[in-house]
Amino acid sequence: MSNFGYTSGILGIGGVLPEKVLTNFDLEEIVDTSNEWIVQRTGIHSRRILEKDQPAYLLGVEAAKIALNEAGIDAKDIDLIITTTETPDYLSPSTSCLIQKEIGADKASAFDLNAACSGFVYGLTVASQFIATGYYKYILVVACEGLSKVTDWEDRKTCILFSDGAGAAVVGPEQEGYGILQTNIGAVGSLGHNITIPCCYISQEDIENRPNKNKRVVWMNGSEVLKFAVRAMESSTRTILDNAGLTVDDISLIIPHQANIRIIDNALKRLGIPESKAVINLDKYGNNSSASIPIALYEAKKGNKLNKDDYVVLVGFGGGLTYGSVLLKWR
Ligand code: COA
């Protein structure tokens, strides 16, 4: 894909995490696991999760307010809200409508987009197309997740990984040559059975897969996802760089989905990118699905890691199975 028409970019970015910290040592008390195993196999030390009675969408509201403030854009000027989530508090109203109400973005249309952990790169891709055609000017992409709500706290293969959080970006017109230069999104539905979160229906096979036959929780074949993730991150990154006529050496910063340090390290190795160019925060936050990339981008911005003219790659993968990447030139 290449962009056409009006150029778009990220005008403001925000990230928010729940206050509650769940450490590996806390998990040792809940399931048969150890801090050592979790750190070695995932790189995660602790994660942030919502309280049981706390909805996820309010994290999205806070992240959206930060992004709007940074962009200097009034919520009333937002044309569209796209919330990326695989864990909406309600199927209806959508999380986008819940957020619209809270921030007073009265003129915005609103819908949710589910591409699991690849959601934010999918969301930026959709937003950039609406702007490219001139259909909309300002779009709020909110990645808002509450994985702890669908976690089986007796399944040690998954409960050590997932967490909650929200990130948001105001996407709007950008000077030509800057902003969102390339995007690449894809899906391999034939591998979708490797991560499932049932909603209104569950197959017999998926009931059997779950250790507690609990229909409302995430289940995953971790090693299959791991193999897919490394390959997808490498090839999606190469695709956007090729399409832009750039090489890996041109990249100043890469912001990968924060799922597992082994996945990130392997993908970076295959790409020939040093870890020093990657933003990594999964040790503190775990995997909060589509929120992980915008939260890491927000932290990179706050940490002054983003400079004018930098080429920045955002790259993710997730349930579906899906994958995607975005090439930004920072202004
Ligand atoms: N603590 C201790 N032991 C554990 C454990 C835990 N939390 N979870 C699994 N084990 C055990 C398994 O039961 C298995 O034991 P066995 O050999 O006696 O059966 C052993 O550790 C190895 O399990 P395996 O699943 O092969 O480990 P792994 O190296 O693949 O690591 C994941 C497991 C889940 C950490 C890893 O596969 C992964 O991160 N995959 C990607 C998942 C992901 O990112 N998903 C999100 C997509 S967005």
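In this chain, numbering begins with 1 at the start of the sequence shown. Just follow the structure's listing: the first ligand is 1, and inside any ligand the first atom is 1. Here the structure is a predicted model, which is why all the values come from computation and not from measurement.
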For this session: Mind checking salt bridge (charged side-chain N to carboxylate O under 4.0 Å, His left out) for Lys301 and listing every partner two or more places apart, or none if nothing turns up?
Result: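 For Lys301 the salt bridge (charged side-chain N to carboxylate O under 4.0 Å, His left out) partners, ignoring immediate neighbours, are Glu70.
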For this session: Using salt bridge (charged side-chain N to carboxylate O under 4.0 Å, His left out) as the criterion, list what pairs up with Lys76, not counting sequence neighbours.
Result: Asp106
Could you list the atoms of ligand 1 found under 4.0 angstrom from a heavy atom of [X]?
{"X": "Ile263", "answer": "41 (C), 44 (O)"}
{"X": "Ala259", "answer": "44 (O)"}
{"X": "Met220", "answer": "42 (C), 43 (C), 45 (N), 46 (C)"}
{"X": "Arg41", "answer": "22 (C), 27 (O), 28 (P), 29 (O)"}

Exercise. Can you tell me which residue and heavy atom of the protein come closest to atom 40 (N) of ligand 1, and the distance to 0.1 Å?
Worked result: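 Residue, atom and distance for the closest contact: Gly222 O, 2.9 Å.
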Exercise. To the nearest 0.1 Å, how far is atom 48 (S) of ligand 1 from its closest protein heavy atom, and which atom is that?
Worked result: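 Looking at atom 48 (S) of ligand 1, the protein heavy atom closest to it is Cys117 SG, 3.0 Å.
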Exercise. Are Lys137 and Asp79 within salt-bridge range, i.e. N to O under 4.0 Å?
Worked result: no
Exercise. Is it true that Glu19 and Arg48 have a side-chain N and a carboxylate O under 4.0 angstrom from each other?
Worked result: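 Between Arg48 and Glu19 there is no salt bridge, as every charged N stays at least 4.0 Å from the carboxylate O atoms.
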Exercise. Based purely on interatomic distance, does Arg262 place a nitrogen or oxygen under 3.5 Å from a nitrogen or oxygen of ligand 1?
Worked result: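 It does: an N or O of Arg262 is found under 3.5 Å from an N or O of ligand 1.
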Problem set entry | Exercise check, heavy-atom protein proximity under 4.0 Å to atom 16 (P) of ligand 1 |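 No.
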Problem set entry | Single-linkage hydrophobic cluster, 4.5 Å side-chain cutoff, Ile197 and Leu191 together | yes
Problem set entry | Sub-4.0 Å heavy-atom contact, Ile38 with ligand 1 | no
Problem set entry | Selection from Asn24, Thr33, Thr42 by shortest heavy-atom distance to atom 35 (C) of ligand 1 |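 It is Thr42 whose heavy atom sits nearest to atom 35 (C) of ligand 1.
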Exercise. Just going by heavy-atom distances, which of Phe228, Phe317, Trp37 is nearest to atom 47 (C) of ligand 1?
Worked result: Phe317
Problem set entry | Option from Ile10, Val121, Ile293, Ile185 for which side chain to side chain contact (heavy atoms under 4.5 Å, CB included) with Val326 holds |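 Output: one option passes, namely Val121.
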Exercise. Between Val31 and ligand 1, which residue portion shows a heavy-atom distance shorter than 4.0 Å: side chain, backbone, both, or neither?
Worked result: neither
Exercise. Which of these passes ring-ring contact (aromatic ring centres under 6.0 Å, His included) with Phe130: Tyr135, Tyr6, Tyr138?
Worked result: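 Among the candidates, only Tyr135 passes.
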